[in-house]
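Because the structure is a prediction, the values reported are computed rather than measured. For ligands, and for the atoms within them, numbers begin at 1 and follow the listed sequence.
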Amino acid sequence: MQLFNSLTRTKEYVTIPHDRPMTLYVCGVTPYDTTHIGHARTFLTFDLLIRYLRSQGAEVRYCQNVTDVDDPLFARAERDGIGWRELSERQVAQLVADYQGMNLLPPTYFPRASEEIGAMIPIIERLIALGHAYVVGSEVYFSVRTDPEFGRMARMGYDELLALANQRGNNPHDLRKRDPLDFVLWQSGAPRDPKWESPWGLGRPGWHIECSAMATRYLGDQIDIHGGGADLIFPHHPCEIAQTEPVTGKRPFVTTWMHAGLVWLDGEKMSKSLGNLVFARDALREHGADALRWYLMTQHYREDFDYNRTTVQSYGQLALQLRQAVAARGGQSSPLDLSVARDAFIAAMADDLNTPAALAILHTMVGETLNAAAEGRAVEGAAATVRELALLFGFTLGPDVP
Ligand SMILES: [Zn+2]
């Protein structure tokens, strides 16, 4: 199949290895708020990728982390007057329920950053020893000047990188840093933050090092595919590359970088600060998994998606027709053959997960099956093909609203 690699900005052929498992790491959520549709669409993209790869004979080892050492979680726990771990566990339980509701395949590994601190410290020590990181008091920073390719994925100049990093949580005024773009590997943290023992005193890791540690611990020094939302193209993923490659001594850390576009709501950016989040749980209750999965994949995953609360309603009808086509019973004459359409569906999925094309083909197959059945033609084979592709796509074929 071909996948678009964010690092090279081209579609590249991906060979499915048959002598080893394929590895996929997807950056997970910070568990302080329920899963919103933006998360749902990102994880749905990788769910489809895994289903497709497995249908082609790949064994996929899939790691998705829980970022439970992160400022927004600690801030929310403090605001609500509960322990951060309690808040995190409650939100992770909701997350798992949302994933199940959407029929998302469970990860092979689902590590929590808070339980992986022991894997992070040796990486930081090695980066210091290699001269890529420096210690100031009880803080440790990565020195971006030691990596001439730092931020290559973002295709921006230094000033643009710094501006974007600042928008996304970087503190350029931290006078302990040698360069305003240097990022934290270890920090003493705010008084409210949980703390762990380290060679630099009690503290907590930075966000980026968490993913380097979990990805390499669970999937190895080099992984096939690494993904997340498009907002991770900078700084998170370039930071992961910069930290990981010197320590493992192996390049590239990741063969294919994949990023899913962001989700808007009725023409506005969907964000916590605008207060216009649509939660997966509510959308599932209202529309069911199949309608939601169909709707969210009507746009290619790399494009931003404008979620429209009126449009999503019409996908319930499509999900119903899909179930009817799978259950269709026609007559005996002139059997309907969908093998050409089936090949076209597979080819669309192999073309960088072209789900709009694949779903258009599936929609036509559904219509042809229902029409042929109404005309008394034999549709047993056609219904089986529709069922096969529907399951490949991860439709539940279950009742509309659970
Ligand atoms: Zn990550």
Side-chain angles (χ1 to χ4, degrees), residues 5-7 23-33 35-36 38-43 45-47 49-50 61-74 88 91-92 95 99 104 107-117 119-121 123-124 127 142 144 147 150-154 161 164-165 167-170 183-187 204-245 247-248 252-262 301:
N5 184 353
S6 305
L7 192 61
T23 47
L24 168 68
Y25 186 91
V26 178
C27 290
V29 302
T30 299
Y32 70 107
D33 221 334
T35 330
H36 63 68
H39 300 134
R41 186 188 182 228
T42 296
F43 297 124
T45 297
F46 294 101
D47 183 70
L49 175 68
I50 295 164
R61 286 197 194 150
Y62 167 32
C63 182
Q64 186 194 124
N65 70 294
V66 176
T67 309
D68 64 351
V69 180
D70 199 9
D71 289 312
L73 171 68
F74 305 144
S88 165
Q91 292 298 328
V92 169
L95 186 71
Y99 287 2
L104 298 179
T108 322
Y109 310 103
F110 194 46
R112 287 159 169 72
S114 63
E115 292 167 4
E116 305 289 339
I117 308 293
M120 298 170 202
I121 289 173
I123 300 178
I124 301 172
L127 286 169
F142 185 92
V144 298
D147 178 0
F150 180 74
R152 181 160 73 98
M153 194 188 296
L161 289 180
L164 189 55
Q167 262 177 43
R168 293 177 173 166
N170 178 54
F183 57 89
V184 169
L185 298 171
W186 189 265
Q187 57 195 322
R204 47 169 280 222
W207 168 35
H208 311 304
I209 198 73
E210 298 177 2
C211 279
S212 286
M214 289 183 273
T216 51
R217 174 165 185 210
Y218 288 94
L219 301 179
D221 290 349
Q222 291 180 292
I223 60 185
D224 292 304
I225 303 169
H226 187 135
D231 51 341
L232 303 183
I233 291 176
F234 192 81
H236 186 53
H237 285 161
C239 291
E240 278 191 47
I241 296 172
Q243 297 163 154
T244 311
E245 289 184 349
V247 169
T248 63
F253 166 41
V254 170
T255 305
T256 307
W257 287 93
M258 276 178 77
H259 294 95
L262 304 180
Y301 76 87

Engineer: Any sub-3.5 Å donor-acceptor pair from R41's side-chain atoms to G261's backbone N or O?
Structural biologist: yes
Engineer: Kindly state whether the ring of Y99 and the ring of F43 have centres lying under 6.0 angstrom apart.
Structural biologist: yes
Engineer: Are the charged groups of D147 and R152 less than 4.0 angstrom apart, N to O?
Structural biologist: no
Engineer: According to the interplanar angle, ranging from 0 to 90°, do the rings of H237 and H259 count as parallel (below 30°), tilted (30 to 60°) or perpendicular (above 60°)?
Structural biologist: tilted
Engineer: Which protein N, O or S atoms lie under 2.8 Å from the Zn ion (ligand 1)?
Structural biologist: C27 SG, C211 SG, H236 NE2
Engineer: How long is the gap from CG on N5 to CH2 on W257, to the nearest 0.5 Å?
Structural biologist: 9.5 Å
Engineer: Does N65 reach the main-chain N or O of P111 with its side chain, forming a donor-acceptor pair under 3.5 Å?
Structural biologist: no
